[in-house]
Amino acid sequence: LRRSPVFTLAAVLSLALGIGANTAIFSLLDQVVLRSLPVADPERLVALHGDYSGPGEHSSSWTTNSESVFPYPLYRDLRDRVPAFAGILARATAPVRVTWQGSTQAAQAELTTGNYFTTLGVPAILGRTIAPQDDGAPGAHPVAVLSHSFWSSHLGANPAIVNQTVAINGQPFVVIGVSSANFNGLVQGDSPDVFVPIAMQRAITPTEDVLEDRTHSWLNFFARIKPGESLAKAQAATDVVFHAILEADLRQGAAPHDPKDREALLKNRLALLPAARGITELREKWEKPLTVLMIMVALVLLIACANVAGLLVARGTGRQREIAIRLALGAKRGLLVKQLLLEGLLLAIAGAAAGLLVEHWSTVGLLRILPRDAAGGWVSGSLDLRVLGYTLALSVVCALLFALIPALQATKPNVAATLKNQASNVLSGGSSARLRRVLVTVQVALSVLLVVGAGLFSASAANLVNASRGFRAERLWMFSVDATLIRTG
C-alpha cells in the first residue's frame, strides 16, 4: 500500500466519504429513534395513555406536549392502589425565570413528584435529587435540582451552587443538587433546566391552583413495572383500579342521564405503553427524514465499495505475476486470499478513521442548519461507543464487500501463461474484464440515482426557504411577555 500511494489515497478517500456519511446519519438516527432513556432498566418503564375527566366540568390542560394528560389527584389514587407498579411518577413543564447573583435567565422548569428520580434511577452528580419528603405540604419545600446543561452553560459549572439560594419566578429556592449529565428529561426535544417538586406548583404557575382539582388535566404519568410482573398483568391490575376510580367519580359528580353514555364512560381505560424512549415527539418529527437520508448515504457507501472493488481488481491484474509465482512455489490459495483480505481490511480501517472526521463535520453541519432549539439538547455531534462500534462493524462489512471478490479473482490466474509473460493476453478479456465492467456499471447506475434524488431534495429545500411569507421577514423578531412569572415582593 505504501508503494501505491495514489491507489491507497483514492481508496481511503472513497471509503471515508461512504463510511463517514453513514456514521453521521446513524449517529442522529440512534440518538433520535433507537436509543433508550439513560435510566435504570428502561424496558420496564411505561407511559399511561387514555382519556380521563374528573367529576364536574372538565378544564383544559396546559401541558406543552401531545401525550395523554391527567389531574394530580388521579396520580395519588393510582400510586396508592395499583400493586403492579414499583413506582409511578407524574411530571409537567412550565416556563420560568431563574435569578442568581443578579442575573436572570429564561428557563424551563419540570414539576415532578417526589419519587421522580428514585423511580427512574437517575442520580445526582452534585448534592442530591428531589426526594418524597420534598413533595409534602403545598409550598412547604422550596427546593430545586438543576439540570447538568443549565448548570454548565448558565452557572459556569460552579460546584458551590449546591445549598445556595436562587430565585425562581421571584421566589427563593434552595438548590439541593445537579442531575446526571446525560439525563435530559422524559420528553424528546424538550430538556428541562430545573426540577422542582409538584408541591411548589403555585410558585411556578402563580395563576393556577390545580393540585386538588380533579377536573384539570396537566400531568404526564409514567410507571415502572415491578420485577417479575408482565405488562399484561400490570395492565389488568390498572384496568381494575381505574374502573373503580371512574365509578367513584360518577357517584361524586353529575352522572350522565343516558345509561349508554355512562357505560361508554366506564369503558375508558389507561393503556400502559412501553416508554423506554420516553415521549417520542422528536422521533415522530425526524424518523422519516432520517430514514430517507440513511437510504441515500447507504447508496453512497455502495458506490464507494464498488469504486474500491474496481481499483482492487485493476490492482490485482497488475499483481498477477507475483501471485502466480507464489502459487508456483506452493503457496496455498487460502493464505493468499487472507492476505488480500487483510489489505482490504487495512484500507477499510484507514477509511473509517478518516470517515470519523467526515462524520463529525457532517453532523455539526447538519445541526447548525437546524433552528437553535429544534433538538432541545437531545442531539449532539459527539461520538460514543455505540457510534464507534457501528463504524467498526461497517468497516469490516465494507472490507468483505469490496475485497473478497477481487481477492478470489486475483488468486486463480493461469499460472503457466502468466509466468511466460503472457498475462496481458490472458487478462485482456475474460472474467476479470467482465467484473470491472459490472462494477463500473453499478457505480454509474447508483450515482445517477443518487444525483437525481439529491437534486429533487435540494429543489424542495430551496422552494421551502424561498417561499413567500406574505410579509417582509428581514430584521423581524418574535417575542413574548408573561408578567405572571415576575414577583415584586
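Scope of the values below: all heavy atoms of this structure, side chains included, with no hydrogens, waters or symmetry mates. Because the structure is a prediction, the values reported are computed rather than measured.
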With no hydrogens and no angle check, is any side-chain donor or acceptor of [X] less than 3.5 Å from a backbone partner on [Y]?
X	Y	value
Asn22	Met294	no
Thr118	Asn115	yes
Asp30	Phe26	no
Thr23	Thr391	no
Ser147	Asp193	yes
Thr119	Ile88	no
Gln235	Leu272	yes
Ser4	Phe7	no
Arg277	Val33	yes

Inset, instruction - Determine the interplanar angle of the His148 and Trp151 rings, folded into 0 to 90°, and report it as parallel if under 30°, tilted if 30 to 60°, perpendicular if over 60°. - result: perpendicular
Legend entry - Positive for side chain to side chain contact (heavy atoms under 4.5 Å, CB included) with Val178, one of Ile125, Asn158, Val145: Ile125
Pairs under 3.5 angstrom only: tabulate donor-acceptor contacts from the side chains of residues 38-47 to other protein residues two or more places apart or in another chain.
unit_1: Asp41; atom_1: OD2; unit_2: Arg44; atom_2: NE; d: 2.6
unit_1: Arg44; atom_1: NH1; unit_2: Ile225; atom_2: O; d: 2.2

Return the minimal non-hydrogen interatomic distance between [X] and [Y], and the atom names on each side.
X	Y	result
Asp135	Gly114	OD2-N, 3.1 Å
Thr104	Thr99	OG1-OG1, 2.8 Å
Gly127	Val162	CA-CG1, 4.2 Å
Val32	Gln188	O-NE2, 3.0 Å
Ala348	Leu15	CA-CD1, 3.8 Å
Phe402	Cys305	CB-O, 3.3 Å

Are there over 12 heavy-atom neighbours, none belonging to [X], within less than 6.0 Å of that residue's [atom1]?
X	atom1	answer
Leu329	CG	yes
Lys226	NZ	yes
His360	NE2	no

For a 4.5 angstrom cut-off between non-hydrogen side-chain atoms, does [X] reach [Y]?
X	Y	result
Ile25	Leu293	yes
Leu155	Trp100	yes
Gln339	Arg326	yes
Val308	Leu401	no
Val174	Gln164	no
Asp190	Gln108	yes
Val292	Phe457	yes
Phe150	Val98	yes

Legend entry - Charged N-O contact under 4.0 Å between Arg224 and Glu229: no
Inset, instruction - Run the salt-bridge test on Asp134 and Arg128 with the 4.0 Å N-O cut-off and return the result as yes or no. - result: yes
Inset, instruction - Just grab all the ring-ring contact (aromatic ring centres under 6.0 Å, His included) pairs involving residues 103-131, residues at least two apart or on different chains. - result: Tyr116-Phe195, Phe117-Phe195
Let me confirm one number: the [atom1]-[atom2] distance from [X] to [Y], rounded to the nearest 0.5 Å.
X	Y	atom1	atom2	result
Thr113	Leu89	OG1	CG	5.0 Å
Ile161	Leu126	CD1	CG	10.5 Å
Arg91	Asn220	CZ	CG	5.0 Å
Ser395	Leu347	OG	CG	11.5 Å
Phe183	Thr129	CZ	OG1	10.5 Å
Leu312	Leu439	CG	CG	10.0 Å

Inset, instruction - Using the side chain to side chain contact (heavy atoms under 4.5 Å, CB included) rule, take Ile303 and Val442 through it: C-alpha gap first, then chi angles, then the decisive distance, then the call. - result: CA-CA 8 Å; Ile303 294 170; Val442 169; over 6 Å; no
Inset, instruction - Show the numbers, then the answer: is there a side chain to side chain contact (heavy atoms under 4.5 Å, CB included) between Val143 and Phe173? - result: CA-CA 5 Å; Val143 297; Phe173 278 73; 5.7 Å; no
Legend entry - Audit row: Leu48, Leu273, side chain to side chain contact (heavy atoms under 4.5 Å, CB included) steps and yes/no: CA-CA 6 Å; Leu48 278 66; Leu273 302 183; over 6 Å; no
Inset, instruction - Return yes if a side-chain donor-acceptor contact under 3.5 Å exists between Ser27 and Gln31, otherwise no. - result: yes
Legend entry - Between Ser14 and Asn307: side-chain donor-acceptor atoms closer than 3.5 Å: yes
Inset, instruction - Take Val69 and Leu219 through the side chain to side chain contact (heavy atoms under 4.5 Å, CB included) test and state the conclusion after the steps. - result: CA-CA 5 Å; Val69 287; Leu219 294 166; 6.0 Å; no
